[in-house]
Protein chains: 2
Amino acid sequence: MRRVTIKDIAREAGVSAQTVSRAINDKGEISPQTQERILLIAERLGYRPNSVARSLATRRTQNIGLVVPDVANPFFAGIARGIEDAAHQSDHNVFLCNTDENVDRETKAIHSLEAQRVDGLILCSSRLSDPQLQKLANRYQPLVLVNRQIDHSQTGVVLVDDVRGATEAIRYLLQLGHRRIGLLAGPPASHSGKARLQGYLGAMQTQVSKVPAHWQEPCAPQVEGGRAAALELLRRAPDLTALLAYNDLVAVGAMRACVEAGRRVPEDCAIVGCDDVPLAALVSPALTTVHIPTYNLGQRTMSLLFDMMGDDIDHPEPIIISPHLVIRDSSGQPIA
Amino acid sequence: MRRVTIKDIAREAGVSAQTVSRAINDKGEISPQTQERILLIAERLGYRPNSVARSLATRRTQNIGLVVPDVANPFFAGIARGIEDAAHQSDHNVFLCNTDENVDRETKAIHSLEAQRVDGLILCSSRLSDPQLQKLANRYQPLVLVNRQIDHSQTGVVLVDDVRGATEAIRYLLQLGHRRIGLLAGPPASHSGKARLQGYLGAMQTQVSKVPAHWQEPCAPQVEGGRAAALELLRRAPDLTALLAYNDLVAVGAMRACVEAGRRVPEDCAIVGCDDVPLAALVSPALTTVHIPTYNLGQRTMSLLFDMMGDDIDHPEPIIISPHLVIRDSSGQPIA
DNA sequence: CTGTTAGCGCATTCAC
DNA sequence: GTGAATGCGCTAACAG
């Protein structure tokens, strides 16, 4: 069962293939009557334009590639939704690839997307080395990096201002009267972890002359990591009245640790998370956390990519996404 | 800056384009020496095969289309990951489209995917009407439907056995000694809601001669819906000792309602959810729930699609996914 | 084992 | 306003 092509319609309508093409693409240079007639025939025959052939002829696919570590992670799911919606609104399709933070899978995905001749490429939290990324950036445009720095004049960059997020969280806790605030710092290698540490230190130093190093504890970025690190921290520094967590899962782990250590949240220990994943609003007490507008981030990322696809922009303006604090029930004034 | 093509390599190597094609596709019929020589040149020139041209020539794209209501929903995210991983393992790419349960968006997505000439199409929880779906199924193969029934000899179907899931949950509660078990039934129109009701009734009737209708309450499928419905149910039938919830969010809402009504979970009221989204393990008490293996479901869906892409299977065997109960801390024996 | 010819389905460029 | 010729980059089918 062969699919109907432009030629079938041309024959049926008694015109040339070219005229059919014009009718379908609504390019003006055609009489309204013949256009309508052709469109009717196309409809009747169940014609579906072949994007593959069109792409080959025009050298543009109207497809973009999106590479993320894991769409099942709500953070990336939000970004993906923002990108998808923006793309589809402008009649572009998106290839989605998951890497599980595996460099080989990421490389393979990128090669595949290059082969697909996508009109643009978005890499989230890329694990490629700097040289690899530079090489890619030289070869492939337009390219937008989310959550990853690069020094390349033609590459778009979208970053979350994690320093600011942590700063806001700490300022809020300071304002409530907390002074002895611990940090569940996340994985030592994490880029955003470092930024959040920086924000923590900067904000703390406005009120506390010397912030003890033993108020910080690295941890795996899941619930169990947070629980273990919080237990350790509360043992080492029992006078802490508040904890800032690397992310919401870590914060939930910290809440568990508090329960185990016989501390009430927020009375005996305030807890603030980061990211504001859907879970955060649903735990009890509901988590105060630094919200990152992932959907909006995705939309703006796609918007930047579209801009770059249009003109050959030389120095695309970096986009910095500002997180903001969402105050719920896991934080309050210190008792003492 | 033109991309390097097969011809560039052919010229460089002093062979025909066809020979280059053979070398790249590793089709055997070529001497190892020339193949290696060509591959080296390709590598040096930074050649990337053009999948678009290849697709046009072979009439196969090695791409598949995946349409879901929302990847940000963990249920579909799990399925999407399973599909993606299976697809990529077999060197296929996937176009992802979100519909937000909007029929127009779904229709548009399908048309776009048809235009892309995807080799296969997967529709999750399609909102198309039966006639629309029949029409699509007649026109487009291979097609696999997830979470949606259809009577069409050439369409693949993957379903979750929700009757069984609810049955297992109720059997477990009965075994614990519960007899007065309420059902937070979800949206009346929901397909899976009806199936779960059926499972509930069937299992209940093995131990309870007449299951009162006022032990059931419909609800919106979110936390607040579950909370409101549970409050109503506990008011109307205060002697209930356990609740089965339409999904995990509803179950979390029910947990809230219990707290508000002064009931402890699980002592004064056991609660069992459905789906086992990541949240379920993280709330306190951790939720006993009916686990649906979404990732596996995705993998098997893709596997079915691959089978259908291979041969022209006439009556693809329906795949029925069996959920199973995961016992955590929100359920226990009744006190009375 | 290798080369030649002929398309895949469409859009671009030029005629008319 | 419409048509004819040409090519996008690759592979299928044949020939040698």
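Per chain, numbering begins at 1; letters A, B, ... match sequence-line order.
With respect to the salt-bridge test (charged N to carboxylate O, under 4.0 angstrom), the residues B:Arg81 and A:Asp100 qualify. Ion pairing of B:Arg59 with B:Asp119 is absent here, as no side-chain N (NZ or NE/NH1/NH2) approaches a carboxylate O to less than 4.0 Å. A:Arg127 has a carboxylate O that lies under 4.0 Å from a charged side-chain N of A:Glu101, or vice versa, which qualifies the two as a salt bridge.
Relative to the side chain of A:Gln18, the nucleotides C:dT2, D:dT11, C:dT12 differ in distance, and C:dT12 lies closest. Ranking D:dT11, C:dG3, D:dG3 by closeness to the B:Ser21 side chain, first place goes to D:dT11. Closest to the side chain of A:Asn25, from the set C:dG9, C:dA11, D:dT11, is C:dA11.
Nucleic acid contact class of B:Val52 (heavy atoms, under 4.0 Å, all strands): none. B:Ser55 comes within contact range of no nucleotide atom at all, as no heavy-atom separation falls under 4.0 Å.
Between the side chains of B:Asp8 and B:Tyr47, no donor-acceptor pair is found at a separation under 3.5 Å.
Separating the CG atom of B:Asp8 from the C1' atom of D:dC8 is a distance of 13 Å, rounded to the nearest angstrom. Distance CG (A:Leu56) to P (D:dG7): 14 Å, rounded to an integer number of Å. If you measure from atom CD of B:Gln62 to atom C1' of D:dC10, you get 14 Å, rounded to the nearest angstrom. One atom, NZ of B:Lys7, and another, P of C:dT4, lie 13 Å apart when rounded to the nearest Å. With rounding to whole Å, A:Arg3 atom CZ is found 20 Å from C:dG7 atom C1'. Regarding B:Asn50, its CG atom lies at a distance of 13 Å from the C1' atom of C:dC8, rounded to whole Å. Between the C1' atom of C:dT2 and the CD atom of B:Gln33 lies a distance of 14 Å, rounded to the nearest Å. Whole-Å rounding puts the B:Ile6 CD1 to D:dG7 C1' distance at 16 Å.
Between the side chain of A:Arg59 and the base of D:dG7 there is no donor-acceptor pair of N/O atoms closer than 3.5 Å. Under 3.5 Å, the side chain of A:Arg117 and the base of D:dG9 form no donor-acceptor pair of N or O atoms.
For the pair A:Ser51 and B:Thr34, both in contact range of DNA chain C, the more 5′-proximal nearest nucleotide belongs to B:Thr34. When each of B:Arg22 and B:Ala57 is assigned the nucleotide of DNA chain D with its nearest heavy atom, B:Ala57 is the one assigned upstream, toward the 5' end.
Distances shorter than 4.0 Å separate some side-chain N or O of B:Thr19 from OP1 or OP2 on C:dG3. A sub-4.0 Å separation between OP1 or OP2 of C:dC10 and a side-chain N or O of A:Tyr47 is present. Residue B:Thr5 places no side-chain N or O under 4.0 Å from the OP1 or OP2 atom of D:dG9.
Residue A:Arg44 places its CZ atom among more than 12 non-hydrogen atoms of other residues, nucleotides or ligands, all under 6.0 Å distant.
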